[in-house]
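Below is one structure, written out as structure tokens; comments come after it.
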Protein chains: 2
Amino acid sequence: MEHQPKKKATIYDLSVLSGSSPSTVSAVLNGTWRKRRIKESTAELIRDLADQHQYTANLQARGLRSSRSGLVGLLLPVHDNRYFSSMAQSFEAHVRSRGQCPIVVSACRDPEEERRTVETLISYSVDELIVAGATDPDGVHAVCIGSGLKHVNIDLPGSKAPSVISDNYQGARMLTEAIIRHFSEDLKLGPDELYLFGGRDDHASRERIRGFRAIKRELMQGDSDKCIEPTGYSPNMAQIAFERFYEREGKLPRGLFINSSINFEGLLRFMAQHPNEAFMDIVVGCYDYDPFGSFLPFPVIMIRQDIEGMITKAFEIMAESRPSVQTYLIQPELVPPRTALKGPLDAIKDIA
Amino acid sequence: MEHQPKKKATIYDLSVLSGSSPSTVSAVLNGTWRKRRIKESTAELIRDLADQHQYTANLQARGLRSSRSGLVGLLLPVHDNRYFSSMAQSFEAHVRSRGQCPIVVSACRDPEEERRTVETLISYSVDELIVAGATDPDGVHAVCIGSGLKHVNIDLPGSKAPSVISDNYQGARMLTEAIIRHFSEDLKLGPDELYLFGGRDDHASRERIRGFRAIKRELMQGDSDKCIEPTGYSPNMAQIAFERFYEREGKLPRGLFINSSINFEGLLRFMAQHPNEAFMDIVVGCYDYDPFGSFLPFPVIMIRQDIEGMITKAFEIMAESRPSVQTYLIQPELVPPRTALKGPLDAIKDIA
DNA sequence: CATTTTTGCACAATCGATGGTGCAATGAAT
DNA sequence: ATTCATTGCACCATCGATTGTGCAAAAATG
């Protein structure tokens, strides 16, 4: 495990070796040397020495001096689902293409943890930050503002910083309509057979519920409060909600709008407790796309949010000098059952 | 967006305000003040001022001085699948519980990118590093060694640093046996009906292939090279392999061992092109667990690798002063069809 | 009261890189 | 041969925290 923990070379080492001053070495190695009128030959000498000795800059030192770091952060609620992990994947690609270093951290939907984590990132002089699905975006904003950190909300909007989110209302309308239309005329769905499960009191859930109700009233002439079951974002709570419904009604609603893939996992847990027959006539719409979810034994219609689009827009906004505090809506896409979409992984070359 | 970008308070600011020296302030705020015999009352004064002014240490400065950072890194091949995103989730929990800051980065299975990324992490004086599923673990090792960075390989072993991996051989035996036994006596599977798809020439794939063949010979008295189709780790290549097989044989093999959930996505893409009837008599075993995958319309048996166990072991090893370069095998678990396991997300409280 | 010990803290060097400023040597212009 | 402009680089302060050392004042000891 250990060998020569030869201390890393610094500009001082190279300065001695090359007979130039540290500032010259620094200038040569960070690219500002032309501006400093360093001779081509001097530069060359130093560059040679640098890679002979495998010099790499100490980025903490650089960051300390310049109060920038070359780091770009992505704050996630959680890693462990396809929506957010795709987001991480797209994010990384973007940041790398700009020559910076992406770092991804999650804060477990805990407002306190969100703020603490961002504090830490700030302490490392992170240059920019994308705040995804934060429980308390404005709390995070307050922390960022104190240090002038550029940031954009994504997925869930805040009121103090620019936000890029899915058009949840439209998406929910599309999804709900698709569920309804998936039933043939003779097996037509009634208003009290179409339920929404999952989500909580955040902007996305509210908009989705609004869209769900609107289209329900338009197409089925009916809706009621009992058709909405917010369960929070946990598989467990969702499962419990399904179990309770099933006990009460002896079956699941034939039309099911599930607020997120995380909540969908609650349905999986429910399924594990019941035979496939309980799901034969069911149609599920899920507001999130998961490739495996798309092929379950009953029709699953999904919404794929345009993650690429959101990330791209977010970076555009951060590039502006004085971005306006507004919320940009990105259109999501309806995914019919049994569909395997390409994802960010397809951009990666496989060396086989 | 902008308000008072009031510069962050430093120990110098607090030193002026409190009438003590910067070193005293530093000692009070980093906990070493008892050792320095600072009066309780002085300490209290400084602490009060500190949170009045929302002081937080500049971690780049601290890191520069102490050449440590409080950061712990996880290097992933990719984010976007449940195996690695679960790993990220578990990793974060571990690191946070130790009071450090987790950072997760991916390197796209590109050896060059792996090394570059680790270089960057080192430049930030990351304290420890877990290298997961690296394409070139020994290359990464070489970079780490140069700077004395503690690191452990996980998922794929290296020859120069301690490694913690799944017992892929045993896992593959379990999985293969489960596939075989899933067929009833009268529909018994023949040796040429059981294929392995996916993976490439890495340690994990080789071991899985070895386990697959061993049990195949034991239970079916037969095996052949044409039953193995390595496709690399990409959905696309796997899809192509399935298509080719299907064209050649007119059907898929009834028994299918898929090397990873990423390759499984190749099967999904294939499925999207063919009606469900093509899969009625199929049994799939997948070396990776994905909750949605477990509920597909045909029996899917999965292997769940013990991610928690691997992470825990990895941190144990890094805690040793002089860890021995060996490979630790962690037993994976067989997951029967239609099973929804709890995951790292269940540890997160939901505020509903 | 004189001396030793302890308490409580200040000083200053240091980590590695950056960037403003200044100055000698060279070449050009008069 | 002077004067002036340009070239090519060195010097030094700085970013914010850590830590070894030193020293006065207070307390303990004789």
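Hydrogens, waters and symmetry mates play no part in the numbers below; they use all other heavy atoms, side chains included. Every chain is numbered from 1, with letters handed out A, B, ... down the list of sequences.
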Using whole Å, what does the distance between atom [atom2] of nucleotide [N] and atom [atom1] of [X] come to?
| X | N | atom1 | atom2 | result |
| --- | --- | --- | --- | --- |
| A:W33 | C:dG19 | CH2 | C1' | 18 Å |
| A:N58 | C:dT14 | CG | P | 17 Å |
| A:Q60 | D:dT14 | CD | P | 22 Å |
| B:D13 | D:dG16 | CG | P | 8 Å |
| A:K35 | D:dT7 | NZ | C1' | 17 Å |
| A:E40 | D:dC9 | CD | P | 11 Å |
| B:L64 | C:dT14 | CG | P | 14 Å |
| A:I46 | C:dA17 | CD1 | C1' | 14 Å |

On DNA chain D, does the nearest nucleotide to A:Y12 precede the nearest nucleotide to A:S21 from the 5' side, or the other way round? Give the residue.
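Result of the comparison: A:S21.
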
I'd like to know if the side chain of A:S106 reaches the main chain of A:L76, judged simply by a donor and an acceptor atom lying under 3.5 Å from each other, with no hydrogens or angles considered.
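The answer is no, because no donor-acceptor pair under 3.5 Å joins these two groups.
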
Test log, rule salt bridge (Lys or Arg N to Asp or Glu O under 4.0 Å), inputs A:R116 and A:E119
CA-CA 5 Å; A:R116 261 207 311 274; A:E119 285 284 11; over 6 Å; no

What contact category does [X] fall into here, base, sugar-phosphate, or nothing, at under 4.0 angstrom with non-hydrogen atoms?
| X | value |
| --- | --- |
| B:T10 | sugar-phosphate |
| A:S20 | sugar-phosphate |
| B:T32 | nothing |
| A:S26 | base |
| A:T42 | sugar-phosphate |
| B:R62 | sugar-phosphate |
| A:G19 | sugar-phosphate |

Do [X] side-chain and [N] base share a donor-acceptor contact under 3.5 Å?
| X | N | value |
| --- | --- | --- |
| B:R65 | C:dT14 | yes |
| A:R36 | C:dG19 | yes |
| A:S23 | D:dC11 | yes |

If you only use heavy atoms from C-beta on, which nucleotide in D:dA17, C:dA17, C:dC9 is closest to the side chain of B:R37?
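For the B:R37 side chain, the nearest candidate turns out to be C:dC9.
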
When you get a sec, tell me which of C:dC9, D:dG8, C:dG16 is the closest nucleotide to the side chain of B:K39?
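Closest of the options to the side chain of B:K39: C:dC9.
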
Which label fits B:H151 and B:H141: parallel for a plane angle under 30°, tilted from 30 to 60°, or perpendicular past 60°?
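Ring orientation, 0 to 90° scale: tilted.
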
Is there a side-chain contact between B:T42 and B:W33 (heavy atoms, below 4.5 Å)?
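Of all side-chain heavy-atom pairs linking B:W33 with B:T42, none is under 4.5 Å.
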
More than 12 heavy atoms from other groups under 6.0 Å of CZ on A:R98
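For A:R98, atom CZ is crowded (more than 12 foreign heavy atoms under 6.0 Å).
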
Please round to the nearest 0.5 Å and tell me the distance separating atom OG1 of B:T24 and atom NZ of B:K39.
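Result: 11.5 Å between the selected atoms.
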
Any side-chain N or O of B:N30 less than 4.0 Å from the OP1 or OP2 oxygen of D:dT18?
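Answer is yes, contact under 4.0 Å.
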
Think B:T24 has a side-chain N or O under 4.0 angstrom from the OP1 or OP2 of C:dA10?
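Looking at the OP1 and OP2 atoms of C:dA10, one of them is under 4.0 Å from a side-chain N or O of B:T24.
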
